[in-house]
Amino acid sequence: MKSDRIDEIGFMIGEKTYLSHAIQLVESIQRNGGFLKSSRIVIMIPLHADFEVEIPCTEQRTFSIPPEMERIPFVDKMFAASAFESACKGSYLWMDVDSIVLKEPISILIHNKIGIKAVDKRNIGILQENPLDLIWKELYNYYMLSEKNQHALSTTISREMIHPYFNVGFVCVLEKRGLFQRTCEGILDLIYEDTIKNILDESPVYQVFFHQAVFTCALLKLYSEQERSILPIHINFPLHFYKEMRGEISLLDLQSVRYDSYFETQERDELILNHLSVEPDSLNMKWYY
């Protein structure tokens, strides 16, 4: 199975401070996206948002999230993705708002059901030679996964071999199976389970990355290894880690980037600045959880 188009592109604006990021992303798709230029662009905003979005050639939809989960890091993004996904009729691409398309991303035209990225660094991932820790075991049990049936993958930047752990900032789905819906169901069912709640209460790192661990396990449940494609490094490249990869990868080879904290420093590459349609300082990331 190969798609020569992506029907819809979705991303979330969680707060009005991210309007500049959204403007930049949309402009980069329209200028550099190639086949993505024909995709419907959908911006997901919270149901009770105190801001309006007026970006040409986009559609706005709302999503809701249980009030008690609003300040849990990045859970809102999963509920936004689920609402976006539920309305999609064909193929779709879910992106982080802090993304820029630099050239036509031909690498996402895959012969498979879904294209995803491995995580950049291990964080709460587990090294291949080690058994799963308690929180991962809880997730595997919930989704009825077998640890023996999973194969290790390499992190993008730190290049460590770990148990499967995927980045949720760029997800290309050619066959819809309710991935983000299953992710949200898992979060709702598990986040207040005693074992997991205790770990999250004690570990800020697990709080930040819990949503991505749940996403990973939902993906492992819904798509076999043969149905998944790991997208190459020049798709959704983590620009904030570029200093660690200088000499190994050229900015000229990148098709899309995710910049995170990149613009919070003054070490900004001219090639990236030339792609901007907004002021670089407006692309700083604001933590609102």
*Evaluate side-chain contact (heavy atoms from CB on, under 4.5 Å) for Leu219 paired with Arg228, printing each intermediate quantity in order.*
CA-CA 9 Å; Leu219 192 155; Arg228 308 188 301 258; 3.1 Å; yes

*Decide side-chain contact (heavy atoms from CB on, under 4.5 Å) for Ile162 and Val119; before the verdict, give the C-alpha distance in whole Å, the side-chain angles of both, and the deciding distance to 0.1 Å.*
CA-CA 10 Å; Ile162 62 172; Val119 292; 3.8 Å; yes

_Please determine whether side-chain contact (heavy atoms from CB on, under 4.5 Å) holds for the pair Ile72 and Leu200, giving the CA-CA distance in whole Å, both sets of side-chain angles, and the decisive distance to 0.1 Å._
CA-CA 10 Å; Ile72 301 174; Leu200 297 183; 6.0 Å; no

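Atom CD1 of Ile55 sits about 9.0 Å away from atom CD1 of Ile41, to the nearest 0.5 Å. In this structure, CZ in Arg258 is found 6.5 Å from CG in Asp98, a value given to the nearest 0.5 Å. Here Leu36 contributes atom CG and Ile108 contributes atom CD1; the two are 5.0 Å apart, rounded to the nearest 0.5 Å. Taking CD1 of Ile100 as the reference point, atom CD1 of Ile29 lies at 11.0 Å (rounded to 0.5 Å). Interatomic distance, CZ of Phe209 versus CZ of Arg122, reported as 12.0 Å (0.5 Å rounding). How far CE of Met12 is from CE of Met44: 10.0 Å, rounded to the nearest 0.5 Å.
By the side chain to side chain contact (heavy atoms under 4.5 Å, CB included) test, Asp7 pairs with Arg5, Ser91, sequence neighbours left out. Applying the salt bridge (charged side-chain N to carboxylate O under 4.0 Å, His left out) criterion to Glu15, with sequence neighbours excluded, gives no partner residue. Partners of Asp260 by salt bridge (charged side-chain N to carboxylate O under 4.0 Å, His left out), not counting sequence neighbours: none found. Lys121 meets the side chain to side chain contact (heavy atoms under 4.5 Å, CB included) test with Asn123, Ile157, Ser158, Phe241, Glu244; sequence neighbours excluded. Applying the side chain to side chain contact (heavy atoms under 4.5 Å, CB included) criterion to Ser64, with sequence neighbours excluded, gives Leu47.
For Arg268 (side chain) and Leu273 (main-chain N/O), no donor-acceptor pair under 3.5 Å exists by modelled atom type. A donor-acceptor pair under 3.5 Å links the side-chain atoms of Lys117 to the main chain of Ile235, judged by distance alone. Distance alone, capped at 3.5 Å, is enough to place a donor-acceptor pair between the Ser203 side chain and the Tyr206 backbone. With hydrogens and angles ignored, the 3.5 Å screen pairs no side-chain donor or acceptor of Gln128 with any backbone N or O of Ser154. Between the Gln181 side chain and the Ser82 main chain, no donor and acceptor come within less than 3.5 Å of each other. Remark: the backbone N or O of Tyr288 is paired with a side-chain donor or acceptor of Arg71 at under 3.5 angstrom. Formation of a donor-acceptor pair under 3.5 Å by the His21 side chain with backbone atoms of Asn284 is found in this model. Judged by distance alone, the side chain of Glu225 and the main-chain N or O of Gln150 form no donor-acceptor pair under 3.5 Å. The closest donor-acceptor contact from the side chain of Glu160 to the backbone of Leu127 lies at 3.5 Å or more, if one exists at all. One N or O on the side chain of Glu193 and one on the backbone of Thr195 form a donor-acceptor pair closer than 3.5 Å.
Ring geometry, Phe263 versus Tyr259: the interplanar angle exceeds 60°, so the pair is classed perpendicular (tilted spans 30 to 60°). Relative ring orientation between Phe74 and His211 is described as tilted, the plane-to-plane angle lying within the 30° to 60° band. Note: Tyr165 and Trp136 have perpendicular aromatic rings, judged against thresholds of 30 and 60 degrees for the angle between ring planes.
Nearest heavy atom pair, residue Val168 against residue Gln212, reads N-OE1, 3.0 Å. Ile124 and Val205 make their closest contact through CG2-CG1, 3.6 Å (heavy atoms, listed as atom of the first residue, atom of the second, distance). Considering every non-hydrogen atom in both Pro46 and Thr62, the closest pair reads O-CG2, 4.4 Å. In terms of heavy atoms, Leu102 sits closest to His275 at O-CE1, 3.4 Å. Here the shortest heavy-atom pairing between Met95 and Phe11 reads O-CB, 3.2 Å. Minimum heavy-atom separation, Thr156 to Ala118: OG1-O, 3.4 Å.
Under the 4.5 Å side-chain criterion, counting only non-hydrogen atoms from C-beta, Glu138 is not in contact with Ile199. A 4.5 Å side-chain heavy-atom check between Gln24 and Ser28 finds at least one atom pair inside the cut-off. Side-chain contact between Pro105 and Phe35 is present, with at least one heavy-atom pair separated by less than 4.5 Å. Contact of the Trp94 side chain with the Glu85 side chain is not registered, since no non-hydrogen atoms from C-beta on lie closer than 4.5 Å. Between Tyr223 and Asn112, the closest side-chain pair of non-hydrogen atoms is not below 4.5 Å. Taking the side chain as every heavy atom from C-beta outward, Leu239 and Leu251 approach each other to under 4.5 Å. Contact of the Glu248 side chain with the Ile233 side chain is not registered, since no non-hydrogen atoms from C-beta on lie closer than 4.5 Å. Side-chain atoms of Lys16 and Leu19, non-hydrogen and from C-beta on, do get closer than 4.5 Å to each other.
Checking Phe180, Phe210, Phe166 one by one against Phe215, the ring-ring contact (aromatic ring centres under 6.0 Å, His included) holds for a single residue, Phe180. For the pairing with Val214, the side chain to side chain contact (heavy atoms under 4.5 Å, CB included) check across Asp189, Leu188, Thr183, Val75 returns one residue only, Thr183. Checking each of Leu231, Asn236, Val171, Asn167 against Ile116 for a side chain to side chain contact (heavy atoms under 4.5 Å, CB included) leaves exactly one that passes, namely Val171. Of the candidates Gln226, Glu175, Glu227, Glu175 is the only one forming a side-chain hydrogen bond (donor to acceptor under 3.5 Å, both in side chains) with Lys113.
In this structure, Leu153 is not a member of the same hydrophobic cluster as Met161, with clusters built from ILVMFWY side-chain heavy atoms closer than 4.5 Å. No path of Ile, Leu, Val, Met, Phe, Trp and Tyr side chains, each step under 4.5 Å between heavy atoms, connects Met144 with Ile196, placing them in separate hydrophobic clusters. In this structure, Ile106 is not a member of the same hydrophobic cluster as Phe237, with clusters built from ILVMFWY side-chain heavy atoms closer than 4.5 Å.
Heavy-atom neighbours of Lys286 NZ from other residues, nucleotides or ligands within 6.0 Å: above the threshold of 12. Annotation for Glu267: atom CD does not count as buried by contact number, only 12 or fewer foreign heavy atoms lying within 6.0 Å.
If you check the side chains of Tyr289 and Asp76, you find a donor sitting under 3.5 Å from an acceptor. Side chain to side chain, Glu147 and Tyr140 fail the donor-acceptor criterion of an N or O pair below 3.5 Å.
For residues 38-55, every residue pair satisfying the side-chain hydrogen bond (donor to acceptor under 3.5 Å, both in side chains) rule, not counting sequence neighbours, is listed here: Glu8-Arg40.
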